[in-house]
Peer 1: 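Sharing a structure with you now.
Predicted model, so just to flag it, every value in this text is computed and none were measured. For the single chain, residues carry numbers from 1 onward in sequence order.
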Amino acid sequence: MMGKQKAYGFAILGAALWGLIGLFVKGLYEFGFTPWEVVAIRVIASFIIMVSALGFLNRDLLKIKAKDSFYFIGTGIISIVFFNWCYFAVIDQSSLSLAVILLYTGPIFVALISRLLFKEALTRSKLTALISTITGCGFVVGLLPFFKVTVSWYVLLVGLGSGFCYALYSIFGKYVSSKYSSLTITTYSFLFASLFMIPAGGLWDKARLFLNWEVLALSIGLGLIPTCLAYILYTNGLSSIEASKASILATIEPVVAIILGVTVLHDAFSSWQFIGILLVFVAILLTTERKKANKKSAMIDS
């Protein structure tokens with residue numbers, strides 16, 4: 001088992017790499033790709049990288065039971081494909097900063113759905129987190145304090161959709177998390193996402209663009225850096241520290257994304273939005289809190 005400091009470093013670095021996704025997405029937009037096409041690029045590139053790595057390092061992790069494919073359809077198509085589309089659509093229509101904050105409503109949806117499906121307790125901290133998230137998002141989108149929304153309702157609903165679909169990964173993944181490695185779950189999630197997006201993604205019409213080295217580099221980078229490499233680093237860190245601590249460390253992702261959005265992508269940013277972001281961070285910390293007695297719980301992330 002690796003040392004605690006090294007594990008913390010892996011978890012933080014992995015989460016930070018997730019926050020860099022906007023650079024690759026924006027870069028592909030500049031070449032004329034749509035959010036839906038960028039989803040196709042991400043899932044297909046990620047699957048090729050993941051299956052190649054596991055095939056070389058540990059082929060046993062590629063073995064699953066056919067009957068469990070249903071759950072990977074859930075994690076791959078219902079969750080990964082549509083959470084990515086919603087997330088990338090908000091980046092396209094609004095900003096990276098807004099997209100990542102609305103994405104991080106995901107833990108609240110997990111808490112609510114888990115209450116309905118798994119009868120998990122809806123504690124005072126979870127209710128407080130729900131109120132904090134709603135209030136925080138209200139400030140971020142401009143509804144609070146002046147009741148004047150600064151983004152379209154379409155963007156707001158799509159952004160919340162990214163959080164909801166993001167949450168579904170944990171819900172579907174819960175049914176197979178005790179049977180398979182997290183790397184196996186991720187690989188097969190990307191497999192089914194790829195099988196769906198190869199015919200549906202529309203990339204065939206833009207195949208010639210992949211002859212451009214910049215497009216090819218952005219595509220490989222999108223699949224490798226904020227996806228496969230980020231997930232592998234975070235998972236390695238998670239193997240040596242408590243899931244609750246790792247999930248709190250993962251909040252570095254929105255911090256990196258917001259800093260990137262403001263400094264590099266020139267996202268607009270007001271003091272009221274800053275207050276809203278702080279409230280969402282409070283909600284994240286409250287939602288990911290776990291009792292020490294629940295050390296065996298597992299967290300699944302995209």
Peer 1: Would a hydrophobic clustering, with Ile, Leu, Val, Met, Phe, Trp and Tyr connected at side-chain separations under 4.5 Å, put I259 with L265?
Peer 2: yes

Peer 1: Centre-to-centre under 6.0 Å for F109 and Y169, is that the case here?
Peer 2: no

Peer 1: With the side chain counted from C-beta on, respond yes when V256 and W18 share a heavy-atom pair under 4.5 Å apart, and no when they do not.
Peer 2: no

Peer 1: For V280, run the side chain to side chain contact (heavy atoms under 4.5 Å, CB included) check against V100, I101, I134, T105 and tell me which one passes.
Peer 2: I101

Peer 1: Can you check whether F164 reaches I113 side chain to side chain, under 4.5 Å on heavy atoms?
Peer 2: yes

Peer 1: Could you go through T133 and L279, starting from their C-alpha distance and side-chain angles, then the distance that decides it, and tell me whether this counts as side-chain contact (heavy atoms from CB on, under 4.5 Å)?
Peer 2: CA-CA 6 Å; T133 297; L279 288 171; over 6 Å; no

Peer 1: With clusters defined by side-chain heavy atoms of hydrophobic residues (ILVMFWY) lying less than 4.5 Å apart, directly or transitively, does V38 cluster with I220?
Peer 2: no

Peer 1: Are any of the side-chain heavy atoms of I171 and F118 separated by less than 4.5 Å?
Peer 2: yes

Peer 1: Are L117 and V176 grouped together when hydrophobic residues (ILVMFWY) are joined by side-chain heavy atoms under 4.5 angstrom apart?
Peer 2: yes

Peer 1: Could you grab the distance from atom NZ of K26 to atom CG of L218, nearest 0.5 Å is fine?
Peer 2: 13.5 Å

Peer 1: Which value, rounded to the nearest 0.5 Å, describes the distance between L224 atom CG and S46 atom OG?
Peer 2: 8.5 Å

Peer 1: Can you tell me if W36 uses its side chain to pair, donor with acceptor, with the backbone of G202 under 3.5 Å?
Peer 2: no

Peer 1: Provide the closest heavy-atom pair for G173 versus T75 in the form atom of the first, atom of the second, distance.
Peer 2: N-CG2, 3.7 Å

Peer 1: Using a 3.5 Å distance criterion without hydrogens, assess whether the side chain of S162 forms a donor-acceptor pair with backbone atoms of G159.
Peer 2: yes

Peer 1: Return the minimal non-hydrogen interatomic distance between K119 and L116, and the atom names on each side.
Peer 2: NZ-O, 3.7 Å

Peer 1: So, S132 side chain and T128 main chain: donor-acceptor pair closer than 3.5 Å or not?
Peer 2: no

Peer 1: So, for F172 and Y71, is the gap between ring centers shorter than 6.0 Å?
Peer 2: no

Peer 1: Could you check whether any side-chain N or O of T184 sits under 3.5 Å from a backbone N or O of Y180, counting only pairs where one atom can act as donor and the other as acceptor?
Peer 2: no

Peer 1: Less than 4.5 Å apart, any side-chain heavy atom of L203 and any of F33?
Peer 2: yes

Peer 1: Do F72 and L191 have side chains that approach each other closer than 4.5 Å (heavy atoms only, starting at C-beta)?
Peer 2: no

Peer 1: Is K63 salt-bridged to D60, going by a charged N under 4.0 Å from an acidic O?
Peer 2: yes

Peer 1: Side chains of I78 and C165: does their closest heavy-atom pair fall under 4.5 Å?
Peer 2: no

Peer 1: Going through the checks in order, is the ring pair (Phe, Tyr, Trp, His ring centres under 6.0 Å) test met by F31 and F24?
Peer 2: CA-CA 11 Å; F31 284 94; F24 301 94; over 10 Å; no

Peer 1: Looking at every non-hydrogen atom in both residues, tell me the closest pair between P226 and G221 and how far apart they are.
Peer 2: CD-O, 3.0 Å

Peer 1: Considering non-hydrogen atoms only, spot the tightest contact between V110 and S170 and give its length.
Peer 2: CG2-CB, 4.2 Å

Peer 1: As an exercise, state the distance from NZ of K65 to NZ of K179, rounded to the nearest 0.5 Å.
Peer 2: 6.0 Å

Peer 1: Strictly by modelled atom types, are Y166 and S79 linked by a side-chain donor-acceptor pair under 3.5 Å?
Peer 2: no

Peer 1: Using the rule that Ile, Leu, Val, Met, Phe, Trp and Tyr join whenever any side-chain heavy atoms are under 4.5 Å apart, tell me whether I131 and L112 fall into a single cluster.
Peer 2: no

Peer 1: Quick one: does R59's side chain have a donor or acceptor within less than 3.5 Å of a partner on G55's backbone?
Peer 2: yes

Peer 1: Would you mind writing out the side-chain donor-acceptor pairs for residues 85-98 within the sub-3.5 Å range, not counting sequence neighbours?
Peer 2:
unit_1	atom_1	unit_2	atom_2	d
S95	OG	L98	N	3.2
S97	OG	D267	OD2	3.0

Peer 1: Does a side-chain heavy-atom distance below 4.5 Å link V255 with F281?
Peer 2: yes

Peer 1: Between atom CG of L28 and atom CG of L23, what is the distance when rounded to the nearest 0.5 Å?
Peer 2: 11.0 Å

Peer 1: Between T227 (side chain only) and L222 (backbone N and O only), is there a donor and an acceptor less than 3.5 Å apart?
Peer 2: yes

Peer 1: How close do T187 and F47 get, counting heavy atoms only, and between which atoms?
Peer 2: O-CD1, 3.7 Å

Peer 1: Has the side chain of Y188 got a donor or acceptor atom that lies under 3.5 Å from a matching backbone atom of G76?
Peer 2: no

Peer 1: Write down the atom of V81, the atom of A193, and the distance for their closest heavy-atom approach.
Peer 2: CG2-CB, 3.7 Å

Peer 1: Would you compute the distance between atom OG of S219 and atom CD1 of I48 and round it to the nearest 0.5 angstrom?
Peer 2: 10.5 Å

Peer 1: Main chain of G32, side chain of K206: is a donor-acceptor contact present, judged purely on distance under 3.5 Å?
Peer 2: yes

Peer 1: Is the side chain of N84 donor-acceptor paired with the backbone N or O of I80 at a distance under 3.5 Å, no angle test?
Peer 2: yes

Peer 1: To the nearest 0.5 Å, what is the distance between CD1 (I44) and OG (S194)?
Peer 2: 5.5 Å

Peer 1: Following the transitive rule for hydrophobic clusters with a side-chain heavy-atom cut-off under 4.5 Å over Ile, Leu, Val, Met, Phe, Trp and Tyr, establish whether L62 and F56 coincide in one cluster.
Peer 2: no

Peer 1: Treating T186 as the side-chain partner and L183 as the backbone partner, does any N or O pair qualify as donor plus acceptor under 3.5 Å?
Peer 2: no

Peer 1: If you define the side chain from C-beta out and look only at heavy atoms, does anything of F210 sit under 4.5 Å from I41?
Peer 2: yes

